[in-house]
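What follows is a set of notes on a single structure, which appears directly below.
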Amino acid sequence: MKKSNYLRNFVALLLVCAIAGTALAQRGPGRGKGPGRGQGHGRGHAGVGQGQGNGHSQAHDRDHADFRYLLTNHQKIRRDVQLLPNGVKTLTESDDPEVAAKIREHVYWMKERVEKQQPIRMRDPLFAELFRHARQIKMVSENTPKGVRVMETSENPYVVKLIQQHAKTVSEFVKRGFPEAMKNHPVSTSAKDPAPLEYNHPRIKEYGKVVQLPDAAQQPRDQSKICVDLTKGGPADKLNPSIEKVARFVNIYEGAGKDPAAAKIAVVLHGDATLCALNDDAYAERFDMKSNPNLDCLHELHEAGVEIYVCGQSLVGKGGQPDQVVVFTDVAVSALTSLVNLQADGYAYVPLK
């Protein structure tokens, strides 16, 4: 019986050794329990693992931890960048042996990512554009006693500019650490600064200015339906700012995205916003003014196809009458019934309070 137990224990020990040996063999150069391992594996860090096609994997955790470690120790790193006609030559080193080892390790895995087109930082425009052209990049690395020397080149002049921009950005990581890693880095292949964004009024001409962002996330979706719950008031002698926000909603769908998108928008006025829909005569009598400053914008909204409802309960409760509202609006039984009915018809609820 004792011999049998010894034999089973011996076989189990062999299995453990074999598994451990396989794991060590797969960990790549210079692995082990070095600095920066096992901590900071949170998802979505600005340095690594953002974007598509990357996933949350062991490679993500490894590169994420390496990057955090280098950012944490950025003051111990020095870097020299030499621009070449077809790319860059960089030398990144540290007098700290552990930091130097981590630099070499990081470069090894980043070279593998480029060669296998496995992107990182895909929310950062520069990194995303660089990895779109990864097949046109050639990387050659050489370890030095205190770090690593890298040559990155391309035969494509556009990709050469991307490589050079990337090298400058990495130097900023070394210089500033985490604050730089939290930034987006725009693609600029020209010596000129990018053109400033300009406001425009694609549909409502006098109100609700917007900027066009054709490459931004969450583009306006065609056939959207929006129910705006507007209760906020304002000074009686000025346009209610929440009404102008509705004009901005119209302009966003008309011209703030890549393409115009059709949208149905309905506005329900109640609470302090109820009396904004009074006609000029009723408004002038109520507030001792010549006219209603909200009507021009409200009329523009009507002309753009926006449905405007006034809560009948709030209107009467504030001393108004249904025949006092401007002709292009509709008095509803209540804001409650309007909001319930519109949402039942598929309108998304957007409160402006």
Side-chain angles (χ1 to χ4, degrees), residues 29 36 45-51 54 62-64 66-96 99-194:
H45 180 265
V48 180
Q50 293 179 340
N54 205 31
R62 174 199 67 216
D63 296 336
H64 179 84
D66 287 351
F67 196 74
R68 284 188 64 89
Y69 177 80
L70 292 173
L71 290 173
T72 301
N73 293 277
H74 73 98
Q75 293 179 328
K76 298 180 181 179
I77 302 172
R78 59 182 176 273
R79 181 171 164 84
D80 177 73
V81 176
Q82 180 183 350
L83 299 183
L84 306 175
N86 61 341
V88 296
K89 181 188 291 184
T90 63
L91 177 63
T92 310
E93 294 184 316
S94 175
D95 293 327
D96 186 320
V99 176
K102 192 63 67 177
I103 291 170
R104 289 190 287 266
E105 185 177 331
H106 179 68
V107 169
Y108 175 90
W109 292 116
M110 292 305 102
K111 182 174 182 290
E112 184 173 273
R113 281 189 175 275
V114 170
E115 291 172 350
K116 294 183 178 181
Q117 289 92 55
Q118 296 176 341
I120 60 171
R121 287 182 64 91
M122 288 300 282
R123 290 183 181 174
D124 190 318
L126 175 58
F127 283 77
E129 185 68 5
L130 188 73
F131 272 101
R132 288 190 190 101
H133 298 83
R135 293 182 180 178
Q136 300 181 60
I137 299 173
K138 181 180 179 181
M139 284 186 66
V140 177
S141 62
E142 175 190 359
N143 289 345
T144 67
K146 294 186 177 182
V148 64
R149 182 179 289 106
V150 177
M151 184 177 292
E152 290 183 75
T153 58
S154 176
E155 296 179 359
N156 184 330
Y158 175 72
V159 179
V160 169
K161 292 183 180 293
L162 291 176
I163 291 171
Q164 292 173 346
Q165 284 181 247
H166 171 261
K168 293 177 181 178
T169 299
V170 173
S171 294
E172 288 299 307
F173 289 163
V174 170
K175 181 180 178 181
R176 302 185 64 229
F178 284 103
E180 188 66 29
M182 296 298 169
K183 292 170 53 179
N184 283 319
H185 299 86
V187 177
S188 176
T189 57
S190 170
K192 298 180 180 179
D193 292 332

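Ring centroid separation for the pair Phe178 and Phe173 does not come in under the 6.0 Å cut-off.
Within a 6.0 Å sphere centred on CD of Gln75, other residues, nucleotides and ligands contribute 12 heavy atoms or fewer.
Residues satisfying the side chain to side chain donor-acceptor pair (under 3.5 Å) criterion with Gln164, sequence neighbours excluded, are absent altogether. Residues passing the side-chain contact (heavy atoms from CB on, under 4.5 Å) test with Glu155: none are found, sequence neighbours excluded. Thr153 is linked by a side chain to side chain donor-acceptor pair (under 3.5 Å) to nothing, counting only residues two or more places apart in sequence or in another chain. Legend: residues meeting salt bridge (charged side-chain N to carboxylate O under 4.0 Å, His left out) with Glu115, ordered by chain and number and at least two apart, are Lys111. Residues passing the side chain to side chain donor-acceptor pair (under 3.5 Å) test with Thr72, sequence neighbours excluded: none. Scored by the ring-ring contact (aromatic ring centres under 6.0 Å, His included) test, His74 finds no partners at all (sequence neighbours excluded). Residues forming a side-chain contact (heavy atoms from CB on, under 4.5 Å) with Ser154 (at least two apart in sequence, or on another chain): Gln136, Asn156, Val159, Val160, Ile163. Under the side chain to side chain donor-acceptor pair (under 3.5 Å) criterion, His185 pairs with Asp124, Glu180, sequence neighbours left out. A search for side-chain contact (heavy atoms from CB on, under 4.5 Å) contacts involving Lys89 returns Gln82, Leu84, Arg149, Met151, not counting sequence neighbours. Considering only residues two or more places apart in sequence or on other chains, Lys76 meets the salt bridge (charged side-chain N to carboxylate O under 4.0 Å, His left out) condition with Asp96. Here Ala101 pairs with Arg104 under the side-chain contact (heavy atoms from CB on, under 4.5 Å) rule; sequence neighbours left out.
Val187 and Pro125 make their closest contact through CG2-O, 3.5 Å (heavy atoms, listed as atom of the first residue, atom of the second, distance). The two atoms that bring His106 and Asp66 nearest to each other are ND1-CB, 4.3 Å, heavy atoms only. Of all the heavy atoms in Ala100 and Ser94, the pair that sits closest is CB-O, 3.8 Å. A pairwise comparison of heavy atoms in Val148 and Glu93 identifies N-CG, 4.5 Å as the closest pair. Of all non-hydrogen atoms in Lys102 and Tyr69, the two that sit nearest each other are CG-CD2, 3.3 Å. In plain terms, the two heavy atoms of Pro119 and Gln117 that are nearest each other are CD-O, 3.3 Å.
At a threshold of 4.5 Å between non-hydrogen side-chain atoms, the residues His64 and Arg68 count as touching. In this structure, the side chains of Tyr158 and Lys161 stay at 4.5 Å or more apart for every pair of heavy atoms. Here the side chains of Ile120 and Phe131 are in contact, with some heavy-atom distance below 4.5 Å. Within the 4.5 Å cutoff, no side-chain heavy atoms of Leu91 are placed close to those of Arg79. Residues Ser171 and Lys168 have side chains not in contact (no heavy-atom distance under 4.5 Å, counting atoms from C-beta outward). For the pair Val150 and Glu142, the minimum side-chain heavy-atom distance is 4.5 Å or more. Between Leu70 and Ile103, the closest side-chain pair of non-hydrogen atoms falls below 4.5 Å.
Interatomic distance, Arg78 CZ to Asp95 CG, rounded to the nearest 0.5 Å: 4.0 Å. A distance of 9.5 Å separates CZ of Arg123 from CG of Asn184, quoted to the nearest 0.5 Å. From Leu130, atom CG reaches atom CD of Glu152 across 7.0 Å, with rounding to the nearest 0.5 Å. Atom OG1 in Thr90 sits 9.5 Å away from atom NE2 in His166 (nearest 0.5 Å). Here Leu162 contributes atom CG and Glu129 contributes atom CD; the two are 5.5 Å apart, rounded to the nearest 0.5 Å. For the atom pair NZ (Lys138) and CG (Asn86), the distance works out to 9.5 Å, reported to the nearest 0.5 Å.
Under a 3.5 Å cut-off, the side chain of Arg113 and the backbone N or O of Gln118 do form a donor-acceptor pair.
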Practice item. Show your working on side chain to side chain contact (heavy atoms under 4.5 Å, CB included) between Arg62 and Trp109 and close with a plain yes or no. Key: CA-CA 9 Å; Arg62 174 199 67 216; Trp109 292 116; 3.4 Å; yes
